Amino acid sequence: MINNETMQSILARRSYKVFDSRPIGDEELETIVTAGLYAPTGMNRQPWHFTVIKSKEGLEKFGEARRNLPLPPGIPAAAIAAMGDPMRNAPVVIIVSGKDGGTTPQDCCLAMENMFIAAASLGIMSGWDHAMVMDLFKNNAELKAELIPEGYTVYAGAFFGYPGPTVKDRGERKGTVEYI
Ligand SMILES: Cc1cc2nc3c(=O)[nH]c(=O)nc-3n(C[C@H](O)[C@H](O)[C@H](O)COP(=O)(O)O)c2cc1C
């Protein structure tokens, strides 16, 4: 494998459940968002909208909604406690929504992955929050109307920040590639 800077960023990226209290600077955030905007899209539709929440008020309001979201049934209490604050102390939340049709779900997920890798290249880590996609905006019409354009569906939502406590290394990948 060629171990260039891009590969180092891809391999360094890890999902974090807790971030530290350092804010993300404007230039870093612009870099991350630009990476998302340059993801490929089917037919070059660029069907997405990025909602970037970074203000104290915005994060507080979003955090309240995120914390009030009922957890799915069947998760053991210990697992819920281990998750800690669902906002993960993150200084930035990015929600990618898209105009339905075409390859919008794929386009939106590619944009988010580009942002994850660009963030990792700056030492900023990320964490996908499936509850944002599955439950939050489906169950909270008021929040959706406030944050997401009319007619758009949320396809990806993630937290960004400088990494908190080191996560369990889930780096190893094996057994899923076949060369023909
Ligand atoms: C579609 C999708 C949904 C995910 N949902 C969550 C989630 O709700 N909460 C969470 O902590 N991590 C979530 N993750 C992160 C995965 O757990 C993580 O990517 C995986 O364990 C591999 O670890 P790594 O990202 O550190 O390499 C999700 C990832 C994807 C791609």
Side-chain angles (χ1 to χ4, degrees), residues 1 3 5-21 24 32 35-36 39-42 47-51 53 59 62-98 100 103-140 143-144 147-148 152-177:
M1 188 194 84
N3 191 18
E5 277 186 38
T6 303
M7 281 307 295
Q8 284 165 21
S9 301
I10 291 171
L11 299 180
R13 183 212 56 79
R14 283 288 169 281
S15 297
Y16 271 74
K17 294 191 187 296
V18 182
F19 301 96
D20 77 14
S21 56
I24 296 179
I32 293 167
T41 56
W48 47 46
H49 179 87
F50 299 174
T51 306
I53 309 175
L59 288 166
F62 183 80
E64 198 187 322
R66 178 64 190 80
R67 277 187 282 270
N68 287 337
L69 190 65
L71 286 154
I75 300 185
I80 293 169
M83 284 180 209
D85 182 343
M87 282 295 285
R88 310 179 188 200
N89 198 33
V92 170
V93 176
I94 301 181
I95 302 151
V96 182
S97 58
D100 291 340
T103 54
T104 297
Q106 291 87 348
D107 302 335
C108 289
C109 292
L110 285 168
M112 188 60 96
E113 175 66 351
N114 261 20
M115 291 195 271
F116 286 166
I117 294 166
S121 78
L122 303 168
I124 294 166
M125 292 296 156
S126 50
W128 186 293
D129 184 50
H130 206 46
M132 275 190 224
V133 181
M134 294 306 291
D135 301 311
L136 184 57
F137 292 100
K138 287 183 184 143
N139 294 330
N140 192 332
L143 191 74
K144 184 162 188 256
L147 298 179
I148 310 298
Y152 282 56
T153 301
V154 173
Y155 288 107
F159 298 99
F160 289 79
Y162 287 94
T166 308
V167 290
K168 187 174 86 182
D169 187 14
R170 302 183 220 98
E172 200 179 357
R173 265 68 165 162
K174 57 181 182 184
T176 52
V177 182

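Values below: every heavy atom of this structure, side chains too, minus hydrogens, waters and symmetry copies. Position 1 is the first residue of the sequence; numbering continues from there. Predicted model only: the values in this text are computed from it and were never measured. Atoms within a ligand are numbered from 1 in the order they appear, just like the ligands themselves.
- Scanning all heavy atoms of the two residues, the minimum distance from Ile148 to Ile95 falls at CD1-CG2, 3.8 Å.
- Side-chain atoms of Asp107 do not come within 3.5 Å of backbone N or O of Trp48 as any donor-acceptor pair.
- Evaluation of the side chain to side chain donor-acceptor pair (under 3.5 Å) rule for Thr51 yields no partner, not counting sequence neighbours.
- For Ala118, the side-chain contact (heavy atoms from CB on, under 4.5 Å) partners at least two apart in sequence or on another chain are Ala35.
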Less than 3.5 Å apart, N/O on ligand 1 and N/O on the protein: could you list those pairs with the distances?
from, atom 1, to, atom 2, distance (Å)
ligand 1, 8 (O), His130, N, 3.0
ligand 1, 9 (N), Arg88, NH2, 3.4
ligand 1, 9 (N), Trp128, O, 3.4
ligand 1, 11 (O), Lys17, NZ, 2.5
ligand 1, 11 (O), Arg88, NH2, 3.1
ligand 1, 19 (O), Ser15, OG, 3.2
ligand 1, 23 (O), Arg170, NH1, 2.8
ligand 1, 25 (O), Arg13, NH1, 2.9
ligand 1, 25 (O), Arg13, NH2, 3.3
ligand 1, 25 (O), Ser15, N, 3.4
ligand 1, 25 (O), Ser15, OG, 2.5
ligand 1, 26 (O), Ser15, N, 2.8
ligand 1, 26 (O), Arg170, NH1, 2.7
ligand 1, 27 (O), Arg13, NH2, 3.1
ligand 1, 27 (O), Arg173, NH2, 2.9

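- Each of Tyr16, Phe19, Phe50, Phe116 was compared with Phe160 under the ring-ring contact (aromatic ring centres under 6.0 Å, His included) criterion, and only Phe116 meets it.
- The side-chain contact (heavy atoms from CB on, under 4.5 Å) test applied to Asp100 returns Thr153, Tyr155, not counting sequence neighbours.
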